[in-house]
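Quick notes on the structure that follows.
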Amino acid sequence: METYDVVLIGAGHNSLVCAAYLLKVGYSVLLLEKNSIPGGAATTEELMPDEAPGFKFNPCAIDHIFIHLGPVVQELELNKYGLEYLFCDPVVFCPHPDGKYFLAHRSVEKTCAEIARFSPRDAQKYAEFAEFWQRVVGMLIPIFNAPPKSVVDMLGNYDLNKLNDVFSLIGSSDKTLDLIRTMFTSPMDLINEYFDSEFLKAPLARLAAELSTPPSQKNMAVGSIMMTLRHNPGMARPRGGTGALSKALVRCVQDLGGIIRTEQDVQKVLVDEGRAVGVRLANGKEYRAKDGVISSLDAQRLFLKLVDPKDVDAANPELRERVDRRITNHNEAILKIDCALSEPPRFIHHQHRDENMMGAVLIADSVAQVELAHTDPNIGRIPLEDPSMYAVVPTIRDPSMAPEGKHTLWIEYFVPYQIAGAEGTGLNGTGWTEELKNKVADRVLAKFADYAPNVSSSIIARHIESPPELERRIGVTKGNYYHLDMTFDQMMFFRPLPELANYKTPIEGLFLTGAGTHPGGSISGLPGRNCARVFLQTQRPLVQALTDAGEMIKSTASSLFNLS
Ligand SMILES: Cc1cc2nc3c(=O)[nH]c(=O)nc-3n(C[C@H](O)[C@H](O)[C@H](O)COP(=O)(O)OP(=O)(O)OC[C@H]3O[C@@H](n4cnc5c(N)ncnc54)[C@H](O)[C@@H]3O)c2cc1C
């Protein structure tokens, strides 16, 4: 039987990142991926080779932001393996029904100048809003870049700039209380506190709600970072599509001696005397792991499907019930629409310029519309009356993704996973059928055409994926694009549960990484990097503690040096 030091389940980008760090320090590593290509929710594929040959699509992630908050790209030298990031500027365009539009640039000043054309007061407030959230981001970066329960790691990440951000936010007791109060509010509360104009409030609400909760959700004000991050560090896409990141990671892993096997459906984690010792595939083949098994599948899939109940119960008799019932995975999911276009959409009512579509194109007419875009799916309704959406025309920034002169359209539209009243019908009993997904796509595209009428006649071919289809393709329960909800109660040392939050599990040698662990979903690689650190801490506690302490001293010294 083949034996490796570490076996990783799944080869999404977080697994690949985790594997690369372990390979760098000499472990032998095997990654087992159920699909025919690695990457998970970070791939680029020719989805319609017959109807639209030469058009490349990102079936899932497109806009990369969080990966620029950490050192993964630099530490793994991914540029050497072919990764090139193309930053977007402008970053957001949101046309409004009254003819105004929100156009956000990478620069806050330029964005304020755009807002000032319609509302000088809101422009001034926007500068304050962006500045405040930038300082919050400065405070959060060190936390994102460390295992949530590893205080030494976390402290080591604070340089003087970041400490300045912290003290500017919590420098006195009233400031600290006010910061906490802000975090307890909702994105909607904050947006109303700062701004007057709907053309600005609606896109900010839409982006804040990308954490998958409605803008009115209390305790989720932190969603406001989703706009500020588009200014700094900025929003980028790998040249050639999101899959170029996964391809670079694959090359890196293979160059370091790692083995990646595709079409390997892991069905069981093998546990012997309370220790994870390997995995078994659906076809019966087994692989042994000497030092550990790392799962990039979330805790619900791991503990409820892949580990024998008696092995889980032996490690922690309450765990299965807590994983099953305490972790939340709401009903909101994504209907994904990809189109091959003969020409770029034209926003004829909004002083059309192709470059306005460089970043995200938001259809968000009002905060109320965005609210319904999230609350309806949660109770099983498709918010069809007036669709809000996140769209991208990737070929504006990267023409290599389509034949010359042609374009693509990427649309993310929130829908329920389980349609109310349709239980037991359609795919997986969710109510989703071919007919329904096409009907919904027709409505979404018609709404898009209200703004860019030429889109209707320029569609060469389209590919629609419903939530249960996404669930089947990459295995995510209920098609949850973040594996588990990204609500405050499931972030940091609560993700996915306090007892599982530091990438370790009660089964010795079994580790968790991926979007279902801190700091969560999105393209960041940070769950992978943090998990590798914890794995190494358990393997060689003294060496790793000294390395961490050394890094802390180095970081403090370098920030002092930079300041002087
Ligand atoms: C439609 C959509 C749009 C998105 N847009 C963005 C975006 O623009 N920007 C952004 O930052 N994030 C976006 N996200 C979120 C982001 O893509 C994910 O959070 C991230 O890719 C998760 O990476 P991961 O490596 O943790 O997990 P995954 O990518 O889910 O990888 C897990 C891997 O495990 C494999 N697997 C599952 N079960 C098994 C098994 N039993 N045996 C073997 N292998 C298995 C899967 O096939 C998969 O390859 C989007 C997600 C979706 C779905």
Side-chain angles (χ1 to χ4, degrees), residues 11-17 20 31 33 35-68 72-74 76-91 106 230 233-255 260 262 336-342 344 354-355 357-361 390-412 460-463 465 473-474 522-525 528:
H13 84 288
N14 275 313
S15 253
L16 289 161
V17 166
L31 293 101
E33 166 58 48
N35 284 342
S36 56
I37 52 168
T43 61
T44 299
E45 298 167 49
E46 273 202 40
L47 292 177
M48 298 168 275
D50 297 331
E51 307 104 295
F55 287 83
K56 294 184 200 127
F57 300 93
N58 297 317
C60 294
I62 185 155
D63 287 331
H64 298 204
I65 296 174
F66 288 88
I67 197 163
H68 309 297
V72 166
V73 173
Q74 295 75 20
L76 298 181
E77 300 178 279
L78 295 183
N79 296 351
K80 196 173 98 184
Y81 297 105
L83 177 66
E84 181 194 354
Y85 268 115
L86 305 172
F87 276 83
C88 300
D89 194 4
V91 285
R106 227 179 138 178
R230 283 166 163 82
M235 182 173 95
R237 301 181 192 133
R239 187 187 291 282
T242 284
L245 167 66
S246 299
K247 280 191 179 150
L249 284 165
V250 165
R251 285 188 202 114
C252 170
V253 163
Q254 289 174 337
D255 195 33
I260 303 168
T262 53
K336 183 64 200 321
I337 304 174
D338 285 292
C339 300
L341 302 180
S342 56
D354 280 358
E355 71 167 64
M357 297 183 289
M358 180 93 58
V361 177
Y390 188 128
V392 178
V393 186
T395 37
I396 296 289
R397 185 68 185 92
D398 184 1
S400 77
M401 297 193 63
E404 205 181 333
K406 302 283 192 287
H407 288 269
T408 58
L409 176 62
W410 178 109
I411 297 181
E412 166 193 277
I460 298 167
R462 68 183 204 185
H463 181 274
E465 188 172 62
R473 181 164 61 85
I474 53 171
S522 81
I523 301 296
S524 74

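One-based numbering along the sequence shown.
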Legend entry - Shortest non-hydrogen contact from A11 toward I260: CB-CG2, 4.4 Å
Legend entry - Separation between CG of L16 and SG of C252, rounded to the nearest 0.5 Å: 9.0 Å
Inset, instruction - Walk me through it: do N35 and I474 pass the test side-chain contact (heavy atoms from CB on, under 4.5 Å)? - result: CA-CA 8 Å; N35 284 342; I474 53 171; 4.0 Å; yes
Inset, instruction - Give a yes or no on whether K247 atom NZ has more than 12 heavy-atom contacts from other residues, nucleotides or ligands under 6.0 Å away. - result: no
Legend entry - Inter-residue atom distance I460.CD1 - C339.SG, 0.5 Å rounding: 10.0 Å
Legend entry - Sub-4.5 Å side-chain heavy-atom contact between D89 and M358: no
Legend entry - Sub-4.5 Å side-chain heavy-atom contact between I62 and R237: yes
Inset, instruction - Any chance you could measure L78, atom CG, to L83, atom CG, to the nearest 0.5 Å? - result: 5.5 Å
Legend entry - Over all atoms of both residues, closest heavy-atom pair of I67 and S524: CG1-O, 3.5 Å
Legend entry - M357 CE to I396 CD1 distance, which is reported to the nearest 0.5 Å: 4.0 Å
Legend entry - side-chain contact (heavy atoms from CB on, under 4.5 Å) between I65 and S522, worked out: CA-CA 8 Å; I65 296 174; S522 81; over 6 Å; no
Inset, instruction - To the nearest 0.5 Å, tell me how far M235 CE sits from C88 SG. - result: 4.0 Å
Legend entry - Charged N-O contact under 4.0 Å between R239 and E84: yes
Legend entry - Side chain H13, main chain A42, donor-acceptor under 3.5 Å: no
Legend entry - Validation row: R106, F87 side chains within 4.5 angstrom (heavy atoms): yes
Legend entry - Least distance between heavy atoms, L76 atom then Y81 atom: O-CE1, 3.6 Å
Legend entry - Side-chain touch I37/E45, heavy atoms, less than 4.5 angstrom: yes
Legend entry - Close side-chain approach of L245 and I523, heavy atoms under 4.5 Å: yes
Legend entry - Gap separating the NE2 atom of H463 from the NZ atom of K336, nearest 0.5 angstrom: 9.0 Å
Inset, instruction - Ignoring hydrogens and angles, tell me if any N or O in the side chain of E33 forms a donor-acceptor pair with the backbone of T262 under 3.5 Å. - result: no
Pair up each side-chain donor or acceptor in residues 47-61 with any protein partner under 3.5 Å, not counting sequence neighbours, and list the distances.
residue : atom : partner : partner atom : Å
N58     : OD1  : T44     : OG1          : 2.7
N58     : OD1  : T242    : N            : 3.0

Can you give the donor-acceptor pairs under 3.5 Å from side chains of residues 400-409 to other protein atoms, not counting sequence neighbours?
residue : atom : partner : partner atom : Å
S400    : OG   : D398    : OD1          : 2.6
S400    : OG   : D398    : OD2          : 3.4
H407    : ND1  : T395    : OG1          : 2.8

Inset, instruction - List for me each residue that meets ring pair (Phe, Tyr, Trp, His ring centres under 6.0 Å) alongside Y85, sequence neighbours excluded, and say none if there are none. - result: H64, H68
